[in-house]
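Presented below is the structure to which this report refers.
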Amino acid sequence: TLRAAWLEQGRDPFGRIDKPIALARASEHLGEAQTWRRAFRQYTYDGARRMVLIPTWQCELRCTYCWIPKQDGRVMTPETVDRGVDLAFSTERPAVEIQFFGGEALLEPDLVRRAMERAEAQAAHTGKQVGFVLSSNGWSLDAAQLAWLKDHPVRLELSLDGDRSTQETYRPAFEGRVGEGTSYDRSIAAHAGAILASGLEQHVIMVVHPKDVGNLAHNFFHIASLGFRRIQINNMLGVAWRPEQMKTWAAQLHAIGQELLRRQGTADAVDFVNLEHRPNAMRLNGEVTVDHDGTIYGGNSFLHETEHKDRFALDHLDAATNIDRYWIDATENNYLLDWSYRPTITRNNVEVGKILASLCAHLRDKGLAKPPPQVLSAAGGGARAVG
């Protein structure tokens, strides 16, 4: 109904869609735009339908900025994995993307593989495309895992905060795993050669702690020195940044921007992944997410175990309908912000984000922005289309 009102009522004499006219005429039939425009935008989004699966809440690390409870036995059953994948393929969209998050998803590699194999079978059956995003700290990303993953349409979302000092200070290993190596020795720094040789699309996310912000530029280019050429910067959320830390944040970001511009067009060029996102001073993950117990959430803020956790719940797999319905009613970013952190913290973190957004605007003006990669397999095939 929305699409028909938009297209039929909004065409000019030459058959072209005039958006202002379409909006006015559709509003005549459907009412005030604020009651339907967002749902229409969600429905007509032409990208792959994304869903996040949480195979486990467990992790080998105890990052000082991570609020997610660990090592509590919250693990998906194989049946929940299957139903989660089936929910993703209930979409009318021609392409599906499933992200594995947690916790550290590779602590349950059999569940990850089960989900991917079922999704690929569903893709072959339905004629849809499918792709995967695997978020990982790298601890378990060994040669055997990479050898299996490289035969599937997988994009790696990796995490490393910088050099050994920063990584081991702010992302220490869980005390029960320290005998297996430090968080840096078991990080993607140790597996960089194998990761890059695998040919898998990947990018690295570094989180900046306000106490370590003075090392931001050094840590950014330390990651680049390991061979990684796609890096994203996230500032720590949930705590107040002091004015002097915000000033240092701005100076360090400026230094990174200058170096990125200097490297532009050279063999040492680095893709700044933040430029590929729609500008927003503070954006939380609002994607449809299936937890280990089958609860469906609008975003991943529930992982913080906030007292407002129930406010993010949309449904349960036992009563699930269609993933497109959940996307049409997707949780707004402002709602996530209102119930994830205290208002004073949110206002502070937004100001920190505005500084990063300003750098992104400047670098876009200089021509550094590139479209994000997309890794999807053809229905039933292993061929990887990267665009």
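Hydrogens, waters and symmetry mates are skipped; everything else that's a heavy atom, side chains included, is used.
- Side chain to side chain, Asp163 and His218 meet the donor-acceptor criterion of an N or O pair below 3.5 Å.
- In this structure, the side chains of Val288 and Arg50 stay at 4.5 Å or more apart for every pair of heavy atoms.
- The closest side-chain donor-acceptor pair between Ser140 and Glu104, if any, does not fall under 3.5 angstrom.
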**Request:** I would like to know whether Gln122 and Asp86 meet side-chain contact (heavy atoms from CB on, under 4.5 Å); could you show each step before the answer?
**Result:** CA-CA 8 Å; Gln122 288 274 33; Asp86 292 348; 2.6 Å; yes
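- Using modelled atom types and a 3.5 Å distance limit, the side chains of Asp324 and Thr91 yield a donor-acceptor pair.
- Ionic pairing of Arg155 and Glu97 is present here: one or more N-O contacts between side-chain nitrogen and carboxylate oxygen are shorter than 4.0 angstrom.
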**Asked** Between Asp161 and Asp212, does a side-chain contact (heavy atoms from CB on, under 4.5 Å) hold up when you go through it step by step?
**Response** CA-CA 10 Å; Asp161 288 354; Asp212 194 53; over 6 Å; no
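- Judged by the 6.0 Å and 45° rule, Arg62 forms a cation-pi pair with Phe174.
- Between Leu141 atom CG and Leu158 atom CG the span is 6.5 Å, to the nearest 0.5 Å.
- Within 6.0 Å of CD in Glu244 there are more than 12 heavy atoms belonging to other residues, nucleotides or ligands.
- A heavy-atom distance below 4.5 Å is not found between the side chains of Pro94 and Gln129.
- The pair Arg114-Glu108 fails the salt-bridge criterion, with no side-chain N (NZ, NE, NH1 or NH2) lying under 4.0 Å from an Asp/Glu carboxylate O.
- For Asp271 (side chain) and Val273 (main-chain N/O), no donor-acceptor pair under 3.5 Å exists by modelled atom type.
- Expressed to the nearest 0.5 Å, how far CE of Met51 lies from CZ of Phe100 amounts to 8.5 Å.
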**Request:** Given side-chain contact (heavy atoms from CB on, under 4.5 Å), test Val75 with Leu107 step by step and report yes or no.
**Result:** CA-CA 10 Å; Val75 178; Leu107 280 174; over 6 Å; no
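- In this model, a donor atom of one side chain and an acceptor atom of the other lie less than 3.5 Å apart for Thr182 and Glu168.
- Counting only heavy atoms from C-beta outward, the side chains of Val207 and Ile233 never approach each other to under 4.5 Å.
- Considering CD1 of Ile355 and CE of Met246, their distance stands at 4.5 Å, rounded to 0.5 Å.
- With rounding to the nearest 0.5 angstrom, the CG atom of Leu156 is 12.5 Å from the NE2 atom of His191.
- With respect to the salt-bridge test (charged N to carboxylate O, under 4.0 angstrom), the residues Arg83 and Asp318 qualify.
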**Message:** side-chain contact (heavy atoms from CB on, under 4.5 Å), that's the test. Do Val130 and Phe89 meet it? Break it down for me.
**Reply:** CA-CA 9 Å; Val130 67; Phe89 276 86; 3.9 Å; yes
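- Taking the six-membered ring where tryptophan is involved, the planes of His209 and Tyr170 are tilted, since the angle between them lies from 30° to 60°.
- Between Thr80 and Asp291 the shortest heavy-atom distance is CG2-O, 4.3 Å.
- The two residues Val85 and Ala115 have their closest heavy-atom pair at CG2-O, 3.7 Å.
- Surrounding NE2 of His203 are more than 12 heavy atoms belonging to other residues, nucleotides or ligands, all under 6.0 Å away.
- Side chains of Val290 and Met76 form a contact here, defined as non-hydrogen atoms less than 4.5 Å apart.
- Tyr65 and Arg171 are linked by a side-chain donor-acceptor pair at a separation below 3.5 angstrom, with hydrogens and angles left out of the test.
- Judged purely by distance below 3.5 Å, without hydrogens or angles, the side chains of Asp293 and Thr295 pair a donor atom with an acceptor atom.
- Contact check on Arg325 versus Asp315 returns no salt bridge, with no Lys/Arg side-chain nitrogen under 4.0 Å from an Asp/Glu carboxylate oxygen.
- From Asp185, atom CG reaches atom CH2 of Trp139 across 9.0 Å, with rounding to the nearest 0.5 Å.
- By the 6.0 Å contact criterion, NE2 on His316 is enclosed, its count of non-hydrogen atoms from other residues, nucleotides or ligands being greater than 12.
- Ring geometry, Trp57 versus His292: the interplanar angle exceeds 60°, so the pair is classed perpendicular (tilted spans 30 to 60°).
- Inspection of the Glu351 and Asn349 side chains reveals no N or O donor paired with an N or O acceptor under 3.5 Å.
- Residues Leu317 and Trp327 are members of one and the same hydrophobic cluster, defined by side-chain heavy-atom contacts under 4.5 angstrom among Ile, Leu, Val, Met, Phe, Trp and Tyr.
- Considering every non-hydrogen atom in both Ser187 and Gln167, the closest pair reads CB-NE2, 4.1 Å.
- Hydrophobic clustering (side-chain heavy atoms under 4.5 Å, transitive across Ile, Leu, Val, Met, Phe, Trp, Tyr) groups Leu356 together with Leu261.
- When only modelled atom types and interatomic distance are considered, Gln99 and Glu157 share a side-chain donor-acceptor pair under 3.5 Å.
- A pairwise comparison of heavy atoms in Leu106 and Ser136 identifies CD1-OG, 3.8 Å as the closest pair.
- Here the closest non-hydrogen pair linking Leu226 and Leu196 is O-CD1, 3.8 Å.
- No donor-acceptor contact under 3.5 angstrom links the side chains of Thr166 and Thr169, judged on distance only.
- Using modelled atom types, one side-chain atom of Trp241 and one backbone atom of Met236 make a donor-acceptor pair closer than 3.5 Å.
- The two atoms that bring Cys59 and Gly103 nearest to each other are CB-CA, 4.4 Å, heavy atoms only.
- Residue Leu363 holds its CG atom at 7.0 Å from CZ of Phe272, rounded to the nearest 0.5 Å.
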